[in-house]
Amino acid sequence: MYIILNQEGKKIAYINNMIILDETKENVLGILIGDCFFGNDTKVIGKIIDQKVYLLNGDIIGTIEANKDKKDPELKKALMLEAWDILSNIKSHTSDWITISKKWSKKSLIEVLL
């Protein structure tokens, strides 16, 4: 499992089995396919490059680090079904080249995924 941190270093989400979960690990926010992430909008929102989460415009929206606290929890069936619903509705899973920047986005990860 991985942790997604915001600009202040606060945990804002988790990645478990390519599923992006909220900080309570009870709700699916999005999914990962390769290095691209998707939310409810069913199109590429951004990419993970070198442990940073970038929007398509190149702004940073989070950083990734390994969760060293606990063993990965077993995903509940309901969460798997939510993730499958997002995956099954994706029609385009490619994105243009991202020119990364050092600028942080004014939007939060949760805003862009929901």
Worked verdict on Ile110 versus Leu29 for side chain to side chain contact (heavy atoms under 4.5 Å, CB included): CA-CA 7 Å; Ile110 285 72; Leu29 299 174; 4.1 Å; yes
Rounded to the nearest 0.5 Å, what separates atom CD1 in Ile100 from atom NZ in Lys52? 8.0 Å
How many angstroms lie between atom CD1 of Ile64 and atom CD1 of Ile15, to the nearest 0.5 angstrom? 3.5 Å
Is the backbone N or O of Thr24 less than 3.5 Å from a side-chain atom of Asp22, with the two atoms forming a donor-acceptor pair by type? yes
Nearest-0.5 Å distance that lies between atom CD in Glu82 and atom NZ in Lys76: 10.5 Å
I need the Asn67 CG to Asn16 CG distance, nearest 0.5 Å. 9.5 Å
Check: Asp85 side chain, Leu81 main-chain N or O, donor-acceptor pair, under 3.5 Å: no
Sub-4.5 Å side-chain heavy-atom contact between Lys11 and Leu5: yes
Distance (rounded to the nearest 0.5 Å) between Phe37 CZ and Leu32 CG: 8.0 Å
Trp104, CH2: over 12 other non-hydrogen atoms inside 6.0 angstrom: yes
Does any part of the side chain of Met18, heavy atoms only, come nearer than 4.5 Å to the side chain of Ile31, both counted from C-beta? no
With distance as the sole test, does Ser105 use its side chain to make a donor-acceptor pair with the main-chain N or O of Ile61 at under 3.5 Å? no
Heavy-atom closest pair (Ala13 atom, Leu109 atom, distance to 0.1 Å) is CB-CD2, 4.1 Å
Using the rule given for side chain to side chain contact (heavy atoms under 4.5 Å, CB included), can you reason through Leu79 versus Ile19, listing the C-alpha separation, both sets of side-chain angles and the distance that settles it, and then say yes or no? CA-CA 9 Å; Leu79 295 176; Ile19 300 172; 5.6 Å; no
Determine whether Val28 and Ile20 make a side-chain contact, defined as any pair of heavy atoms from C-beta on separated by less than 4.5 Å. no
Separation between CD1 (Ile4) and OH (Tyr14), nearest 0.5 Å, reads 10.5 Å
